[in-house]
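Residue numbers begin at 1 in each chain, while the letters A, B, ... track the order of the sequences.
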Amino acid sequence: MSERRKPYPFDFFEPKWQRIWDERRVFHAPNPGESSFDPSKQKFYVLDMFPYPSGAGLHVGHPEGYTATDIVARYKRMRGFNVLHPMGWDAFGLPAEQYAIKTGQHPAITTRENVAKFKSQLQRIGFSYDWQREINTSDPDFYRWTQWIFLQIYNSWFNSETQRAEPIRTYRGADPDSVRLAYVADVPVNWCPELGTVLANEEVIDGKSEVGGFPVVRRPMRQWMLRITAYAERLIDELEGLDWPEGIKLLQRNWIGRSDGAEIDFPIAGMADSVAAASDRGYKIRVFTTRPDTLYGATYMVLAPEHSLVELIVSEEQWPAVRDYRERTARKSDLERTELAKEKTGAFTGAFTINPASSEKIPIWIADYVLLGYGTGAIMGVPGHDERDLEFARKFQLPIIPVVQAPGKTPAESIGFVGDGMAINSPIIDGLSSVEGKTKITRWLEERGVGKGAVNYKLRDWLFSRQRYWGEPFPVIWEKGAHRALDENELPVVPPALEDYKPSGTGDPPLAKAKEWIRYSDKATRETNTMPQWAGSCWYYLRFCDPKNDRRFVGEEAERYWMGGAKAGGVDLYIGGTEHAVLHLLYARFWHKVLFDLGYLSKPEPFQRLVNQGLILGEDSQKMSKSRGNVVNPDTVIDQHGADAFRCYEMFMGPLEQMKPWSMRGVEGVARFLARVWRLIMEENQAGEWELSPRLREIAPDKAQQKIVHGTIKKVSEDIESLSFNTAISQMMVFVNAFTNAPAIPVSAMRTLLVLLNPFAPHLTSELWEKISGRFGDTRSDVAEQEWPGHDEAVLVEDEVDIIVQINGKLRDKLRVAIDANEEELKSAALDLPKIQQHLAGKEVRKIVIVPNKIVNIVAN
RNA sequence: GCCGAUGUGGCGAAAUGGCAGACGCAACGGACUUAAAAUCCGUUCUCGCUAACGCGAGGUAUGGGUUCGAAUCCCAUCAUCGGCACCA
């Protein structure tokens, strides 16, 4: 290809324009207070999910979303908005460190190299980022504020009465440490020996680490946790006002997993001597259920094997079996424990409890199908109406009582029915529907003080510490076994320059090796855990608003301007992959809400409109991967066809949100289209040089040309607003095809085309605009500074329209009539058509449906 | 297993209640050329009828339904992809 002549000289003018944009800072978005700030302009914040700069460089999947946002950004600028369109680097985190360990280079060095590579690749595509706002999460000027936000979280508690975070000093209880939004807990965590770190639940997939696919085991460790569960309800409720895909909202709701039900207390019944004392002290076991209406059907109880009451209630003769079962459970990996189609297991404790409704004495078991971390870690077994309980009861021969009658079934047939029916064998609520039964029995329990309505969430608190080197150190010190936050003015806490940053493998973080650094004072030592990769991405979009501010994480005025507005969310458009549908987006919303509650932010939500771009597959329709050898590198594509063709092809492939395979042939097709645009305006002379085409004239477009110009303005504008870039490009192809053979080409039409095409192909259109302006004068400014054109509806109005004539819904003929012809005219004109008369021969017309300007449908038989 | 998305030519797709296949790729034919590339013009859903302009029938995963009219709305089934997966 390099030998062959380029269809248009993109290799010359693409770098030229990139240089001009850079030098003139064309895309700098001024902040309030800057001299070039124009307060009359509305703001528009369009954001990409910033990349993690890996060693492999960009592949064609990255720029898909980036191109979409760039088109919107350029379009909105031409529409007169002050557009914030920034880019930065999510530079801390596991992969950087793994890569560094593998290559034997310090992560700071590899990260710097990778960032440089990513940046030059992005710049080659011609994105209109405001590079003066570039940020890097591993830069002390950035993570200083990540640590500062951690301090705000640490120094807050969630007041359940106001449903808001408040400063910890407003807490009146005895032990503030027990309610902080950041707290330390000994919890069974996902320990990955290979990575030498603990992972969040979300980073473990099928018992293996998401990064690297190494085995993960359960192990109790002291860890920092963030109390995200306090926000569970608001994280669900406040999705309401966001313009997100319904599917993503649902994914978040399911992840948070709200269930409504009741907590019920079961008193421990008389039992063997060892537990009698416990019983006397009034022990009771609390269970959570979503089906309090099935209480009469509870014929046994199950505790999670790790439940703390197990030791107190187990009978002497059952001890060996129980201990054995607990040990076996503890040894099981997550993978084994969640294995599909696995048999139920369990052990009898020897203890009994009383069903508060039926007063029956029922046995207490332990079983690993009950999870300690959910609800109260204990359940009532209702085998009649729960699949798992039924399976368990059948295996251990426990009684099964039907208490909900399925519609149209007998009580015996209703065993195993888990839907809503009618209560039976339940004296208090017999005959009531399941819904009524729930309400009534909950009230009944509340009156007796043995239960209450309750809500539970699947969401767990966020395990926030990592035993790694390449992350933000905690701004926390330890003294006499107690943690204490550092003061704001001690930030940033910079990690020590360690030679050996590899994980220790024991669970001691690498920072523990920095003996000097750890010593904070004679009495206090530093926290040696670091924050997880998510930390920086939880608030980076805020820093973009005011990236250089050294007094505040974001200036108040800048925050109000860029993150304000009429809607709940501050960022107007956020585009990124679905892989972040739960984690990043949930964590960022959580941090945002804490900061909002504490009065630092204008709006309760970070991202108003969210769009997920679809995955780009290899030419073989398989997921792109090195091992398959089907990875497409943007650099190759740009070398061959130029950045504009690359951008346009990425958008022309199909709908943004859809998964679609790459095609080099497809790129060629789009490159041909851009070459046709070039040749509408330029012509090659004898010497093989490009010069302005003599066909280009200052003439008025004819009627047909006007129609296509205004039709294209309309379609492209609408399509950009709805992110339907593929059809916008189609329409511009139609435009170009219509002008290709015109003997004279009106300059005004070309100017319009260049403006419309500019967001898609900014280099080509800038170059051609300059050429045209060189000859035809009037404007000296750049195409990017032009106003977006409006269309004239009057031009598009037709005097005559084609009317489809159908018989019984089948197309039989067409009719050309004046626009807005009335129904009578249409009817008689249609019936007069020879073809129609032919088809109607021998038939009787029953009815005629007429839609003006569209169709006439004759119903006949 | 549960939840969600998708299913249209040889391929990427368009049309979201009113002409199915815009636009692009590929293929075929033509013009230009000594030739090729590039460029420009044309054809291309399937089947049948016609010497031909054309005409007819069928067709949007499958089966049913609603409607004057369905790729589009509803029900069921199948397939592919994604998420969750003992959450009581």
> With a 4.0 Å cut-off on heavy atoms, is A/Met659 in touch with a base, just the backbone sugar-phosphate, or nothing at all?
Replying inline: sugar-phosphate
> Do A/Ser730 side-chain and B/A22 base share a donor-acceptor contact under 3.5 Å?
Replying inline: yes
> Between A/Arg676 and A/Asn737, is a side chain to side chain donor-acceptor pair (under 3.5 Å) present by the stated rule, with each step listed?
Replying inline: CA-CA 8 Å; A/Arg676 283 158 75 103; A/Asn737 291 347; 2.6 Å; yes
>> Syn or anti for B/G63, given that syn means the glycosidic angle lies within 90° of 0?
In response: anti
> Using the P atom in both, what is the distance from B/A88 to B/G10, to the nearest Å?
Replying inline: 48 Å
> Of all the choices, B/G24, B/C81, B/G18, which nucleotide is nearest to the side chain of A/Val851 once you look at every atom?
Replying inline: B/G18
>> Once you apply a heavy-atom cut-off of 4.0 Å, does A/Leu251 come out as touching a base, just sugar-phosphate, or nothing?
In response: sugar-phosphate
> Heavy atoms under 4.0 Å, any strand shown: does A/Glu387 hit a base, just sugar-phosphate, or nothing?
Replying inline: nothing
> After noting the C-alpha distance and the side-chain angles of A/Asp461 and A/Thr229, does the key distance pass the side chain to side chain donor-acceptor pair (under 3.5 Å) rule?
Replying inline: CA-CA 6 Å; A/Asp461 276 340; A/Thr229 50; 2.6 Å; yes
> Quick one: on RNA chain B, does A/Gly669 or A/Arg812 contact a more 5' nucleotide (nearest heavy atom)?
Replying inline: A/Gly669
>> Does A/Lys814 contact B/C19 through a side-chain donor or acceptor facing the base, at a distance under 3.5 Å?
In response: yes
> Any Lys/Arg nitrogen of A/Lys395 or A/Glu343 sitting under 4.0 Å from an Asp/Glu carboxylate oxygen of the other?
Replying inline: yes
>> Please give me the minimum heavy-atom distance between A/Arg695 and A/Thr740, naming the atom from each residue.
In response: NH1-O, 3.0 Å
>> Let's see if you can work this out: which of B/C68, B/A14, B/C81 has an atom nearest to the side-chain heavy atoms of A/Asn857?
In response: B/C68
Which atoms of nucleotides 39-46 of chain B (N or O only) lie under 3.5 Å from a protein N or O atom, and what are those distances?
from: B/U39; atom 1: O3'; to: A/Arg679; atom 2: NH2; distance (Å): 3.1
from: B/C40; atom 1: OP1; to: A/Arg676; atom 2: NH1; distance (Å): 2.8
from: B/C40; atom 1: OP1; to: A/Arg679; atom 2: NH2; distance (Å): 3.4
from: B/C41; atom 1: OP1; to: A/Asn741; atom 2: ND2; distance (Å): 2.7

> Going by the angle between their ring planes, with limits at 30° and 60°, are A/Phe396 and A/Trp365 parallel, tilted or perpendicular?
Replying inline: tilted
> Regarding A/Arg672 and the six-membered ring of A/Trp678, is the cationic atom NZ or CZ under 6.0 Å from the ring centre and inside 45° of its axis?
Replying inline: no
> What nucleotide among B/C19, B/A88, B/C23 has an atom nearest to a side-chain atom of A/Ile379?
Replying inline: B/A88
>> Ring-plane angle category for A/Phe417 and A/His385, please: parallel below 30°, perpendicular beyond 60°, tilted otherwise.
In response: perpendicular
> With a non-hydrogen cut-off below 4.0 angstrom, is A/His385 in contact with a base, only sugar-phosphate, or nothing?
Replying inline: nothing
>> Let me confirm one number: the CD-NZ distance from A/Glu650 to A/Lys660, rounded to the nearest 0.5 Å.
In response: 8.5 Å
> Of A/Lys810 and A/Glu391, whose nearest nucleotide on RNA chain B comes first from the 5' end?
Replying inline: A/Lys810
>> Taking the minimum atom-to-atom distance to the side chain of A/Lys854, which one of B/G18, B/A88, B/C68 wins?
In response: B/G18
> With sugar-phosphate meaning primed atoms plus P, OP1 and OP2, does A/Lys715 contact a base, only sugar-phosphate, or nothing at under 4.0 Å between heavy atoms?
Replying inline: nothing
> What distance, rounded to whole Å, do you find between the two C1' atoms, one in B/C11 and one in B/A27?
Replying inline: 11 Å
>> Using a heavy-atom cut-off of 4.0 Å across all strands, would you classify A/Thr727 as base, sugar-phosphate, or nothing?
In response: sugar-phosphate
> Are A/Lys707 and A/Glu798 within salt-bridge range, i.e. N to O under 4.0 Å?
Replying inline: yes
>> Taking the minimum atom-to-atom distance to the side chain of A/Leu250, which one of B/G69, B/A88, B/C3 wins?
In response: B/C3
>> Could you write out RNA chain B as dot-bracket? Rules: Watson-Crick or G-U wobble, both distances under 3.5 Å, brackets [ ] for crossings, | for pairs with another strand, dot for unpaired.
In response: (((((((..(((.....[....))).(((((.......))))).(((((....)))))..(((((..]....))))))))))))....
>> Taking 4.0 Å as the cut-off, does a side-chain nitrogen or oxygen of A/Ser663 come that near to OP1 or OP2 on B/C11?
In response: no
> Distance between the C1' atoms of B/C53 and B/U46, in whole angstroms?
Replying inline: 22 Å
> Which value, in whole Å, describes the distance between the P atoms of nucleotides B/G18 and B/C28?
Replying inline: 37 Å
>> What's A/Lys344 touching, base or sugar-phosphate or nothing? Going by heavy atoms closer than 4.0 Å.
In response: base
> Given B/U6, is OP1 or OP2 found less than 4.0 Å from the side-chain N or O atoms of A/Gln658?
Replying inline: no
> Which nucleotide sits closest to the side chain of A/Asn726: B/C19, B/G58, B/A13?
Replying inline: B/A13
>> The side chain of A/Ile855 is closest to which nucleotide in this list: B/G18, B/C23, B/C68?
In response: B/G18
>> What contact category does A/Arg258 fall into here, base, sugar-phosphate, or nothing, at under 4.0 angstrom with non-hydrogen atoms?
In response: nothing
> Do you know which two heavy atoms are closest between A/Asn630 and A/Gln622, and how far apart they sit?
Replying inline: ND2-O, 3.5 Å
> Passes side chain to side chain donor-acceptor pair (under 3.5 Å), A/Glu233 versus A/Tyr457? Steps please.
Replying inline: CA-CA 9 Å; A/Glu233 197 160 332; A/Tyr457 298 94; 3.3 Å; yes
> Do the rings of A/Phe392 and A/Tyr369 sit parallel, tilted or perpendicular, given the 30° and 60° boundaries?
Replying inline: tilted
> Between B/G18 atom C1' and A/Asn808 atom CG, what is the distance in whole Å?
Replying inline: 15 Å
> Hey, does the side chain of A/Lys623 come within less than 4.0 Å of B/C81's phosphate (OP1/OP2), counting only N and O?
Replying inline: no
> Which nucleotide, B/A88, B/C19, B/A26, lies nearest any side-chain atom of A/Asp802?
Replying inline: B/C19
> Considering only heavy atoms and no angle criterion, is a donor-acceptor pair shorter than 3.5 Å present between the side chain of A/Glu246 and the base of B/G4?
Replying inline: no
> How would you label the contact of A/Thr578 with the nucleic acid (heavy atoms, under 4.0 Å): base, sugar-phosphate, or nothing?
Replying inline: nothing
>> Looking only at the side chain of A/Trp255 (C-beta and beyond, no hydrogens), which of the listed nucleotides B/C84, B/G18, B/G56 gets closest?
In response: B/C84
